[in-house]
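Note that the structure is predicted; figures quoted are calculated from it, not measured. So that the names make sense, note that chain A is the first sequence line, chain B the second, and so on, each numbered from 1.
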Amino acid sequence: MSLQVYSTLSRKKEPFETIEPKRVRLYVCGPTVYDKAHVGHAMSALVFDIIRRYLQYRGYEVKHVMNYTDVDDKIINRANKLGCDPFELAETYIQQYAQHLKDLNILPATVNPRATREMDEILKLISDLIAKGYAYEAGGDVYYRVEKKADYGKLSGRKLDDMRAGARIEVDERKENPLDFALWKAAKEGEPAWDSPWGKGRPGWHIECSAMSGAHLGEQIDIHGGGNDLIFPHHENEIAQSEAHTGKQFARYWIHNGMLQLSGEKMSKSLGNLITIEDFLASHPADALRLMVLNSGYRNPLTFNDEVIGQAEKALERLQSALKPAAPGAAGISPEALKALDEQTTTTRAGFESSMDDDFNSAGALGYLFELVRVINQARADGATDEQLKSAQDVLEELSGVLGLRLRLEKESHAADAFVDLLVEVRQDVRQAKLWELSDKIRDRLAAMGVQVEDAKSGSTWFWK
RNA sequence: GGCGACGUGGCCAAGUGGGAAGGCAAGGGUCUGCAAAACCCUGAUCACGGGUUCAAAUCCCGUCGUCGCCUCCA
C-alpha cells in the first residue's frame, strides 16, 4: 500500500501523488510574530516536521517553505503599546522562533519568506486580481470579491448564504459583500506602509501566503499545511486568491493539525491560557513534546497537561532503555534467539512504514517501536552481547530518527567520563569486599551528580542521566 | 443559529465491518547485598438507545456530553 494522505479539501484519505515525481512542494503557514510562541505553535511545527521527515525517508526531496507574517495589525498595535519599532519587534520574535525550532529538533525550512520582503510579488498578485475582476479598490483599500468565484467556501464547506445569515462581521459599506476580505489596507498615520497603485498601505493577511507560495513553489503545490483554525478564513481565502490568479488548482493536499488542548480548551492568546515554548523547554526535554505529538493522531486535539507530559517523559526513557549496552560479561544468546531478534526488526520496519503510510499514523508507528524495545531488552536480559544487539538497536535509532526523536542525547561533557569510570571501577572492588555502605555512598553521590549506576551480576554500567 | 470533529481500561492513545496495538500508572513475580533498570504475569460488555448485517468499537438514525471554526489565532 502506498502513502495515503487525508486532505481537508476532499475530507478523505487519498493516494499521495506529487506534481513532479519524488519531489514535494510543501508550504506551511508560520506564525505572526508579535509575541512569544506557545506550545501550540510548537505542536504544529512538530507535526509538519514529522511529515517532512517521513516523506524524506520515503525518498522524496522536500522543498519546505514556512513564512513569517511580519507586518500586521497585531504587530503594529503591540509595537505602539511598547513604544518600539514594529519591524524590530518582529525581528526579535523571528529570531526567537527560529531558535525554538532548533531546540525542538525541527528541520529548518528550505525558505523562510517574510511578507515585508515579498512586496513586489504581493502587489503584482493584487493588480492581477483587480485586472481579472476578482478584486476592487475602495478608498485606498483593496478587497477580494467573494461572489465572483463560484466555488468560494469549498475548503471549509461553507456557503456564502449560510455565512451571511449568522454573520458576526462588522458592516463596512465600502465592501460590496460583508464577506469580502482585504488584500490591501490603506495606511493610517504613522503605520508602516509601502507604495502601491492604490496609495500607501500594507498587505492583508491572506494575500502574502498566496504570493509567497507562488514565488517560491510555483503556481501549484503538493501540500499546504497549518493548524485547523486556519481553515477558515485564511486558507479558504488563499485558495480563492491563488486559483483566481492562476486558474489552476492551488494545493493538491490540504493538511491540518488539531489544536492542543489545555484543560479542555484550545490554547490561544486570546484565552490567555498559554504555555510558551520557552517555559516548556525550561523544565522538560524537547523530545517529550515531540513524543506527545507522535502518540496521537495529528488531526485530533492533543491533550496537554502535567500528567501527560510526565507520561511522555517516561515513555521517552523507555525508548532510550533499548539502546543501553549489553550487560557486563554477557555470554551471548543462541543463534535461534538472534534470529528472532532480526525477525522482529524486519517486522518493526514493515509495521512502522505501513502505519506512517496511512496518513502519517505516528501513534501506530510508535507502537511498533515499543515492541522492538521490548524484544531488544529481552535479548539483553537473556545475555545478548553488544555485537548481537547492534543491528536491532541501529534500526530503532534510525526509525526514531525518522520521527525526529534523538534517543542518544549528548548529556554532560565527556571530560569527566574517565573519572567516573575510575570511580565505578573502584566501587566494584569495594563491592567485592562487601563494603555496602561505602558502595552505596558512591552510587548515591554519583546519582546526585547525574550519573546513574546500574549494578548487574558481573559488573556495573553507568550513564549520564 | 450554521458548518465540522470527537467520546476506546485509572490516565494518554491507535484501530474504523470478522483477533480491542502501544505508552504511563497500579498490583503480583524474577533478578539483586540493597537500590535502580530490565524481564515475566494481571485488567476494557469500545458514551447511551435503536437499526442494518451471518458478523459492528468500526456502517445508519436518535440521545447525551466534550471540543473546534464561523472575529485574530498553529
Side-chain angles (χ1 to χ4, degrees), chain A residues 8 11 28-32 34 37-48 72-74 77 153 156-159 161-170 179 205 225-234 236 256-261 264-271 274 291-292 294-297 299-305 307-319 321-322 324 327 351 355 358 361-371 373-374 376-382 431 434-437 439-440 443-444 447 452-457 460-461 463 465:
Chain A
T8 307
R11 297 189 187 282
V28 181
C29 287
T32 300
Y34 73 103
H38 57 73
V39 287
H41 295 107
M43 177 199 176
S44 185
L46 283 165
V47 163
F48 290 100
D72 150 282
D73 290 348
K74 289 198 296 292
N77 292 341
S156 54
R158 288 152 210 265
K159 294 184 180 66
D161 294 340
D162 295 343
M163 281 190 278
R164 209 157 353 190
R168 287 196 264 158
I169 306 166
E170 84 241 41
L179 293 159
W205 176 35
N228 69 13
D229 53 349
L230 296 181
I231 293 171
F232 190 90
H234 186 52
E236 191 70 70
H256 292 100
N257 64 276
M259 294 293 99
L260 191 146
Q261 300 290 125
E265 277 182 323
K266 176 179 126 177
M267 182 177 297
S268 81
K269 288 167 183 169
S270 47
L271 289 170
L274 46 85
L291 200 80
M292 278 189 253
L294 288 167
N295 188 44
S296 75
R299 287 190 275 130
N300 298 333
L302 180 68
T303 305
F304 184 93
N305 56 43
E307 190 177 4
V308 298
I309 294 169
Q311 291 176 358
E313 287 180 287
K314 297 296 286 182
L316 203 55
E317 284 175 24
R318 176 158 177 79
L319 282 174
S321 75
K324 288 180 185 173
S355 291
D358 182 14
N361 180 355
S362 55
L366 257 191
Y368 284 99
L369 295 191
F370 278 110
E371 269 180 33
V373 166
R374 193 184 68 249
I376 289 173
N377 284 338
Q378 274 170 348
R380 187 196 298 97
D382 290 343
R431 290 182 68 215
K434 299 193 192 299
L435 299 171
W436 305 127
E437 246 177 71
S439 155
D440 289 351
R443 189 173 61 197
D444 291 346
Q452 175 82 36
V453 178
E454 295 181 353
D455 297 332
K457 283 171 209 149
S460 304
T461 56
F463 53 90
K465 210 168 152 63

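Put simply, the side chain of Gln311(A) reaches to within 4.5 Å of the side chain of Glu307(A), judged on heavy atoms. Using a 4.5 Å cut-off on side-chain heavy atoms (C-beta onward), Phe304(A) and Val39(A) make contact.
A donor-acceptor contact under 3.5 Å links the side chain of Asn295(A) to the base of G22(B). Contact annotation: side chain of Gln311(A) to base of G23(B), donor-acceptor pair present below 3.5 Å.
For Asn257(A), the side chain to side chain donor-acceptor pair (under 3.5 Å) partners at least two apart in sequence or on another chain are Ser44(A).
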Exercise. What is the per-nucleotide protein-contact pattern of nucleotides 34-41 of chain B, from the 5' end, where B denotes a base atom under 4.0 Å from a protein heavy atom, S denotes such proximity for sugar-phosphate atoms only, and - denotes neither?
Worked result: BBBSSSS-

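In this structure, Leu260(A) places its CG atom 15 Å from P of C67(B), rounding to the nearest Å.
With centroids closer than 5.5 Å and planes inclined by less than 30 degrees as the test, Trp436(A) and the base of G33(B) pass as a stacked pair.
C64(B) is paired with G7(B) under the criterion used here, namely a Watson-Crick or G-U wobble arrangement in which both key atom distances are under 3.5 Å. Base pairing analysis places U32(B) opposite nothing; no Watson-Crick or G-U wobble pair with both distances below 3.5 Å involves it.
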For this session: With salt bridge (Lys or Arg N to Asp or Glu O under 4.0 Å) as the test, would you mind laying out the steps for Glu236(A) and Arg158(A) before giving the verdict?
Result: CA-CA 10 Å; Glu236(A) 191 70 70; Arg158(A) 288 152 210 265; 5.6 Å; no

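A donor atom on one side chain and an acceptor atom on the other are not found under 3.5 Å apart for Arg374(A) and Asn377(A).
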